[in-house]
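The next block holds one structure in the form of structure tokens; read it before the comments.
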Amino acid sequence: MARGPTSRFLALPLKGRRLFSKWFSGSYPPLSSATISNNISNALSQFGFSSSHRFSSSFSLYQQFHGVSRGFQPQNSLVREIYRFKFIALWGINGYSVLIEHENSGSDIISSVDEKDTEANSEKSDTSIVFDHKLVTSRNPTLLYQELRDSEMGDKQTKSDWQVLVDVIRSFARSGWACDQALALYISGSYFPTAAKKFRAFFLKKCPDNVAKYLISVGPSEEAHKFLFPIFVEFCLDEFPNEIKRFQGLVESADLTKPHTWFPFARAMKRKIVYHCGPTNSGKTYNALQRFMEAKKGVYCSPLRLLAMEVFDKVNSLGVYCSLHTGQEKKIVPFSNHVACTVEMVSTDELYDVAVIDEIQMMADPYRGYAWSRALLGLKADEIHLCGDPSVLKIVRKICADTGDELIENHYQRFKPLVVEAKTLMGDLRNVLPGDCIVAFSRREIFEVKMAIEKFTKHHCCVIYGALPPETRRQQANLFNDQNNEYDVLVASDAVGMGLNLNIRRVVFYGLTKYNGNKMVPVAASQVKQIAGRAGRRGSIYPDGLTTTLHMDDLNYLIECLQQHFDEVKRVGLFPFFEQVELFSGQLPNVTFCQLLDKFGENSRLDGSYFLCRHDHIKKVAQMLEKVQGLSLEDRFNFCFAPVNVRDPKAMYHLLRFASSYSQNLPVSIAMGMPKGSARNDSELLDLETKHLVLSMYLWLSRHFKEETFPYAQKAADMATSIADLLGQSLAKACWKPETRQAGRPKDKMKEQVFQRPRSLIKAVIK
Ligand SMILES: Nc1ncnc2c1ncn2[C@@H]1O[C@H](COP(=O)(O)OP(=O)(O)OP(=O)(O)O)[C@@H](O)[C@H]1O
Ligand SMILES: [Mg+2]
């Protein structure tokens with residue numbers, strides 16, 4: 001047995017026996033699968049594999065090995081080691097373990113079996129049946145498969161034995177374990193039943209007596225599945241090479257593992273990451289912006305257009321020339337080296353001295369998280385400042401370890417503690433006070449509250465909610481902040497939770513449940529904290545923040561939320577670039593874009609630190625655009641990212657129209673008249689909101705496609721500004737019952753879908 005100076009010796013303890021023999025040539029006594037698994041783990045750790053490499057399940061083992069099993073010559077030493085472990089794995093599955101000598105010099109793996117010892121022990125402990133088992137289970141599956149393949153017919157069995165054998169093979173074909181294992185061999189879940197069925201026919205036809213006897217004795221069991229699996233593997237490799245190749249191509253082109261390697265230029269830099277970590281109103285963004293303004297060249301990445309605009313205005317007013325870059329607009333300030341942009345629009349090509357990524361915890365957002373992940377992984381900046389709560393601190397540490405960047409953590413405390421008012425508003429909106437912000441979680445509630453307050457108190461309300469354009473939200477915020485008018489109460493949705501600096505004295509939660517598109521759920525503690533934290537901003541006229549609820553019932557939940565620590569985020573979002581989707585589409589040339597997205601989702605692989613962002617809204621647009629002929633894959637991809645409310649049929653109609661004109665190479669027209677004046681009722685207000693959304697979409701498309709195809713961008717921008725103004729005017733006098741966007745829905749269905757807060761609120765006030 002050759003052992004070079006570089007060899008390492010792997011001893012797999014075998015209950016006192018030492019076994020020596022050449023790999024493949026010996027016959028090995030059976031061991032329990034637990035012992036094998038332990039032995040393999042021990043052996044791997046001796047090779048310096050970390051616990052994550054300990055292949056406790058043979059699935060991951062196969063995953064690692066596949067690709068090297070088919071004639072691939074491993075190049076580096078790590079792969080060589082993995083290559084060799086393949087044999088441990090396969091034999092482990094067969095119920096064997098061996099003493100292995102690992103030769104770094106590259107010679108064959110030698111396993112050692114002390115034959116004398118084995119014989120002695122075998123004589124003592126093994127019965128003749130066990131011996132028969134051994135003869136079968138110790139067979140090399142490759143050779144056994146070849147024997148089966150080359151034989152004409154198997155041996156005949158008695159009727160009852162035959163039935164058991166059929167049951168065993170059937171149970172294998174239904175085994176979830178085998179189906180999972182097969183995935184690593186690139187037998188897809190959908191193809192496994194077909195492959196298993198063909199294997200069943202093959203195996204039953206060819207099964208020799210000793211193998212049949214063994215399987216009959218163990219019956220439809222895990223042991224039988226583990227015995228059959230390597231034979232099945234050989235069968236598949238022989239019978240379905242094309243299917244395997246196709247699925248392998250599919251899986252490999254949907255590979256989203258190791259996203260830090262997607263940005264080689266950023267990886268070539270040694271970046272300094274500064275994490276400004278703390279609760280709301282603790283000065284995180286303020287401090288990051290100080291560094292941004294000092295830098296020669298800087299970029300600020302915002303979660304919202306509104307916040308990008310705020311930073312753009314603030315920085316310019318302080319004498320630092322700064323441009324604005326969002327999906328809808330590009331305002332270039334002459335001589336500027338700084339840019340404030342929305343995080344989706346940040347360039348990973350440009351080189352910066354300082355970058356700021358605000359609200360970094362949004363990495364975990366199910367829909368938009370990928371934009372933050374991309375910015376963090378891909379920004380080419382010497383210094384990157386992250387501002388956010390502590391929920392993603394741990395995962396940022398891990399990402400920095402992957403990227404090799406230096407991480408500095410700056411921890412912050414709230415300037416002034418947030419105080420909970422235990423009295424609540426006692427269910428009566430007449431208890432609102434100037435400086436209050438009433439937070440409700442639906443548009444309907446917002447207008448109900450505004451109506452009730454204005455009808456039964458002397459206060460006037462500004463409103464802020466997600467469907468309002470950023471310009472209108474800012475106008476409402478300014479109206480509320482200005483102390484020289486009658487607008488002293490703000491009614492807002494969760495859209496108020498991020499960014500805006502507002503003069504809020506007290507945040508009052510109208511309720512603490514929210515419709516999640518399916519049912520009412522409690523608002524997440526992190527969101528409650530973020531919103532409540534808007535009260536009492538440093539520098540505002542109310543530096544001491546208060547928070548409470550309208551109803552006494554909700555107070556405990558509010559306190560609970562505020563006391564909770566931030567949940568640690570385990571995974572952050574990713575979404576493929578167009579190039580990755582394009583590569584994937586090469587594997588599936590004849591499917592629609594929507595099906596392509598589905599297939600990508602099914603076949604994509606991600607590291608444990610990432611998830612694939614939800615893309616139901618993208619698929620809805622893709623579905624709608626299926627009937628539009630003549631769009632390239634890239635066009636479809638871009639159209640699908642246009643900002644549209646997929647639940648707004650009018651906005652969807654306009655998007656379809658834009659895409660149709662574009663596909664015919666016609667200049668895309670706006671084809672939408674300007675409203676005559678401000679809204680007189682809620683349906684007119686909804687119409688203004690939709691019109692603004694359509695214009696915003698037009699502007700977005702004009703920035704993402706060739707300019708000449710969307711020639712009316714300036715007109716759209718002017719119209720959008722006017723509509724934002726009209727919306728502001730409309731809100732100032734809005735005093736009507738809110739309507740719902742989904743017209744024509746049956747009444748009972750509406751009831752299910754719309755949040756039913758006790759209407760007694762208004763009735764109580766009236767009484
Ligand atoms: N050192 C400072 N000097 C003057 N004003 C400050 C200072 N630090 C923060 N502020 C002001 O305090 C307010 C809150 O700060 P900032 O917006 O940075 O908080 P934040 O922690 O980013 O909060 P959020 O999580 O809500 O975004 C801002 O109006 C900011 O201008
Ligand atoms: Mg901030």
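Because the structure is predicted, anything quoted here is derived from the model rather than measured. Counting convention: from 1, in listed order, for ligands and their atoms alike.
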Quiz prompt | Part of Glu359 within contact of ligand 1 (heavy atoms, under 4.0 Å) | solution = side chain
Quiz item: Heavy atom under 4.0 Å from ligand 1: found in Lys284's side chain, backbone, both, or neither?
Solution: both
Self-check item: Worked check of side chain to side chain donor-acceptor pair (under 3.5 Å) between Asn638 and His704
Solution: CA-CA 7 Å; Asn638 280 336; His704 286 77; over 6 Å; no
Quiz item: For atom 22 (O) of ligand 1, which candidate among Thr285, Leu289, Asp389, Leu307 provides the closest heavy atom?
Solution: Thr285
Quiz prompt | Chi angles and distances behind the salt bridge (Lys or Arg N to Asp or Glu O under 4.0 Å) call for Glu406, Lys272 | solution = CA-CA 5 Å; Glu406 180 194 3; Lys272 181 164 118 183; 5.8 Å; no
Exercise. Would you mind listing which atoms of ligand 1 come within a distance below 4.0 Å of any non-hydrogen atom of Pro279?
Key: 21 (O)
Quiz item: Is it true that Tyr465 and Phe447 have ring centroids separated by less than 6.0 Å?
Solution: yes
Quiz item: Which pair of heavy atoms, one from Met269 and one from Asp405, lies closest together, and at what distance?
Solution: O-OD1, 4.0 Å
Self-check item: Which of the ligand 1 atoms, numbered from 1, are nearer than 4.0 Å to a heavy atom of Ser282
Solution: 19 (O), 20 (P), 21 (O)
Quiz item: Are the ring centres of Phe637 and Phe578 closer than 6.0 Å?
Solution: yes
Practice problem: Mark yes when over 12 heavy atoms from residues, nucleotides or ligands other than Arg571 sit less than 6.0 Å from its CZ; otherwise mark no. | Solution: no
Practice problem: Tell me whether the centres of the aromatic rings in Phe577 and Trp262 are closer together than 6.0 Å. | Solution: yes
Quiz item: Under 6.0 Å between the ring centres of Tyr367 and His617?
Solution: yes
Quiz item: Can you check whether Arg534 has an N/O within less than 3.5 Å of an N/O in ligand 1?
Solution: yes
Quiz item: What pair of heavy atoms forms the shortest contact from Leu468 to Val463, and how long is it?
Solution: CD1-O, 3.7 Å
Quiz item: How about Tyr321 and His338: are their ring centroids closer than 6.0 Å?
Solution: no
Quiz item: Which of these, Pro543, Cys277, Gly283, Ser540, has its nearest heavy atom closest to atom 16 (P) of ligand 1?
Solution: Gly283
Quiz item: Hey, looking at atom 14 (C) of ligand 1, which of Asp358, Asn287, Asn281, Leu502 has the closest heavy atom?
Solution: Asn281
Quiz item: At the 4.0 Å heavy-atom cut-off, does Gly533 count as touching ligand 1?
Solution: no
Self-check item: ligand 1 contact by Phe415, heavy-atom criterion under 4.0 angstrom
Solution: yes
Practice problem: Identify whether NZ of Lys or CZ of Arg in Lys284 sits under 6.0 Å from the centre of the six-membered ring of Tyr412 and within 45° of that ring's axis. | Solution: no
Exercise. Quick one: give me the number of protein N/O/S atoms under 2.8 Å from the Mg ion (ligand 2).
Key: 1
Quiz item: Between Phe509 and Phe441, how do the two ring planes meet: parallel, tilted or perpendicular, split at 30° and 60°?
Solution: parallel
Quiz item: Within the structure, does Thr280 bring an N/O atom to less than 3.5 angstrom of an N/O atom in ligand 1?
Solution: no
Quiz item: What part of Cys387 sits under 4.0 Å from ligand 1 if we count only heavy atoms: the side chain, the backbone, both or neither?
Solution: neither
